[in-house]
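First up is the structure itself, then whatever we jot down about it.
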Protein chains: 2
Amino acid sequence: MNQNIKPTESELEILNILWSKGACTVRDVHEVLEQNKDAGYTTTLKLMQIMHDKNLLTRDASARSHVYSANVSQEKTQGQLVKKLIDNVFNGSAAQLVMQALGNHKTDKKELEAIKIYLKEMENKQQ
Amino acid sequence: MNQNIKPTESELEILNILWSKGACTVRDVHEVLEQNKDAGYTTTLKLMQIMHDKNLLTRDASARSHVYSANVSQEKTQGQLVKKLIDNVFNGSAAQLVMQALGNHKTDKKELEAIKIYLKEMENKQQ
DNA sequence: GTTTGTATACGAAATCATTCGTACAAAGAA
DNA sequence: TTCTTTGTACGAATGATTTCGTATACAAAC
């Protein structure tokens with residue numbers, strides 16, 4: 001059914017807003033977008049209409065201002081994009097990606113702890 | 001100088017080949033590409049010429065068959081793409097990306113060990 | 001030397017992502 | 001009611017990516 005999610009960069013920006021705020025009107029989304037880039041209102045509208053056509057969004061059109069929601073989960077989208085990165089850029093090795101990510105980005109103690117716990121859990125399940 | 005590397009998907013396929021095989025002619029690269037997709041020889045040629053224009057590749061044009069090399073390092077490219085993914089899709093949290101990567105992709109014992117060692121090293125350096 | 005095969009260069013079509021202008025409908029204020 | 005604001009719809013320009021056809025040069029085989 002919902003095979004391959006391949007949002008563009010602009011689409012991803014919109015999805016991020018909907019994931020964090022829940023259902024929104026175009027204006028809601030546009031107001032957030034405006035803070036980081038300048039594009040007109042109709043640009044945002046058009047993008048969201050296209051995303052609706054592609055089934056990335058659902059919408060409630062009963063009111064004058066339509067209310068849009070993400071129709072793909074954040075987790076699943078993250079998963080697909082990570083998989084693509086691993087396949088295309090890390091020769092299929094998740095571990096290589098992990099070390100790149102850890103090496104070049106600040107990660108605080110709490111997060112490192114979480115990762116260690118995660119690793120232990122995996123080991124227990126594995127054997 | 002070489003600020004932002006943003007290769008397209010096709011360009012990444014070509015870079016991967018050059019990273020793994022070293023300097024290549026267009027034909028060399030094309031023969032590898034052919035195994036996974038069908039596009040004509042001149043398509044590959046044009047792509048590599050464009051990449052040369054963009055400074056993603058260097059070339060030795062002294063012989064009739066020009067010999068191309070990657071002009072961006074694999075590490076740096078990986079780093080940029082990982083950073084972009086973290087920023088755009090994981091709200092800036094490297095740890096979240098790491099756990100996604102570990103959770104959904106098979107990682108064998110050897111690789112897990114490598115990650116654990118890596119984590120320990122980081123801790124030692126950190127405090 | 002002519003033919004055949006293999007190069008590069010280059011123009012241009014096809015597709016997609018992004019952007020915006022404009023038309024027009026619906027509410028609400030004057 | 002009329003004017004202004006705020007919505008949707010939609011066509012179309014722009015720019016980037018991908019693709020290929022064709023022109024032309026060189027080299028090797030015949």
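Being a predicted model, the structure only gives us computed values, none of them experimental. By convention in this document, chain letters (A, B, ...) are assigned in the order of the sequence lines, proteins followed by strands, and residues within each chain are numbered from 1.
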**Asked** Within the side chain of B/D28, is there an N or O that forms a donor-acceptor pair under 3.5 Å with the backbone of B/T25?
**Response**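 Yes, the answer is positive, given that a donor and an acceptor are paired below the 3.5 Å cut-off.
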
Given [options], the nucleotide with the shortest approach to the side chain of [X]:
X: B/A39; options: D/dT18, D/dC20, D/dA9; value: D/dC20
X: B/R59; options: D/dT8, C/dT18, C/dA9; value: C/dA9
X: B/H66; options: C/dA9, D/dT8, C/dC20; value: C/dA9
X: B/E9; options: D/dT22, D/dT18, C/dA17; value: D/dT18

**Prompt:** Can you name the nearest heavy-atom pair linking B/A70 to B/L57, along with the distance?
**Reply:**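 Looking at all heavy atoms of both residues, the closest pair is CA-CD2, 3.8 Å.
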
Spacing between [X] atom [atom1] and [N] atom [atom2], to the nearest angstrom:
X: A/I50; N: D/dA12; atom1: CD1; atom2: C1'; result: 13 Å
X: A/K6; N: C/dC16; atom1: NZ; atom2: P; result: 10 Å
X: A/L47; N: D/dA9; atom1: CG; atom2: P; result: 15 Å
X: A/H30; N: C/dT18; atom1: NE2; atom2: P; result: 16 Å
X: A/Y41; N: D/dT5; atom1: OH; atom2: C1'; result: 12 Å
X: B/Q49; N: D/dT19; atom1: CD; atom2: P; result: 15 Å
X: A/K46; N: D/dA13; atom1: NZ; atom2: P; result: 13 Å
X: A/N36; N: C/dT18; atom1: CG; atom2: P; result: 16 Å

Side-chain N or O of [X] versus OP1/OP2 of [N]: is the shortest distance under 4.0 Å?
X: A/T43; N: C/dC20; result: yes
X: A/T8; N: C/dT18; result: yes
X: A/K37; N: C/dT18; result: no
X: B/S10; N: D/dT17; result: no
X: B/R27; N: C/dT6; result: no

**Message:** Please say yes or no: joined through hydrophobic side-chain contacts below 4.5 Å, possibly via intermediate residues, are B/Y41 and B/M48 part of one cluster?
**Reply:**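 Shared cluster, yes.
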
**Request:** Classify the side-chain pair B/S93/B/N91 by whether it contains a donor and acceptor separated by less than 3.5 Å.
**Result:**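 No, because no side-chain N or O of B/S93 sits under 3.5 Å from a partner of the opposite role on B/N91.
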
**B/E113/B/K116 salt bridge by N-O under 4.0 Å criterion** =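 Result for this pair is yes, salt bridge flagged.
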
**Message:** Can you say whether a donor on the side chain of B/R64 sits under 3.5 Å from an acceptor on the base of C/dT8, or the other way round?
**Reply:**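 No, no donor-acceptor pair under 3.5 Å.
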
